[in-house]
Amino acid sequence: VVDVLADLLEIAARVLKRDGRLAYLLPATPDFDAAADAPRHPALDLVDACEQPLSSRYSRFLIVMRKTRAWHARDATPDVRAAITQAAEAPYVKLRETIFEPRAAKLARESASSTPAAPASPPPAGGEPVLSS
């Protein structure tokens, strides 16, 4: 998902005309701060971010970005790509914690509370097991 978002930003920076807009939906948690945490690209500025709450734990944000300058070959360096990818990762860190940590904690609680079954006792010496009625 992170690479797809980084690719989206890079393609938009290349193909949009100056002042062109890119709009996309970004899944996040309600405490996501779009002004600080929205993915960035050197040729794109954040115009707006509008939250749509989906539940008490999940939201999605409509992110709108505007191309502010021409794309340059310097925008395609490995360092720029790494910075874009790192910025694209930020929104998903908290989302992963919200989705997977409660599940992992629940599984840990369930495995800790379940006790292994006691091994079956061997039959008494002398052969046949005794059946009680």
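Treat the numbers as computed from the prediction; the structure is a model and nothing was measured. We number each residue from 1, following the sequence as shown.
- The nearest pair of heavy atoms linking K67 to A12 is CD-O, 4.3 Å.
- R21 meets the side chain to side chain donor-acceptor pair (under 3.5 Å) test with no other residue; sequence neighbours excluded.
- The side-chain contact (heavy atoms from CB on, under 4.5 Å) test applied to P53 returns E51, S59, not counting sequence neighbours.
- Separating the CZ atom in R60 from the CG atom in L54 is a distance of 5.5 Å, to the nearest 0.5 Å.
- In this structure, V64 shares a hydrophobic cluster with L25, V47, L62, the cluster being traced through Ile, Leu, Val, Met, Phe, Trp and Tyr side chains under 4.5 angstrom apart.
- Listed by chain and number, the residues in a salt bridge (Lys or Arg N to Asp or Glu O under 4.0 Å) with R40 amount to none (sequence neighbours excluded).
- Other residues sharing a hydrophobic cluster with I11 under the 4.5 Å side-chain heavy-atom criterion for ILVMFWY residues are V15.
- Under the ring pair (Phe, Tyr, Trp, His ring centres under 6.0 Å) criterion, no residue pair touches residues 4-26, with sequence neighbours excluded.
- Contacts of P42 classified as side-chain contact (heavy atoms from CB on, under 4.5 Å), with partners at least two apart in sequence or in another chain: R69, D75, V80, I84.
- The side-chain contact (heavy atoms from CB on, under 4.5 Å) check on S55 picks up R57, Y58, with sequence neighbours excluded.
- In this structure, the separation between CG on L44 and CD1 on I63 is 12.5 Å, given to the nearest 0.5 Å.
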Donor-acceptor contacts, no H, no angles, side chain residues 28-35, under 3.5 Å, sequence neighbours left out:
residue, atom, partner, partner atom, Å
T29, OG1, D31, OD1, 2.4
D33, OD1, A35, N, 3.4

Residues 1-10 side chain polar contacts: donor-acceptor under 3.5 Å, at least two apart:
residue, atom, partner, partner atom, Å
D7, OD1, R81, NH1, 2.8
D7, OD1, R81, NH2, 3.1
E10, OE1, R81, NH1, 3.2
E10, OE2, R81, NH1, 3.1

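- Under the side chain to side chain donor-acceptor pair (under 3.5 Å) criterion, D79 pairs with no residue, sequence neighbours left out.
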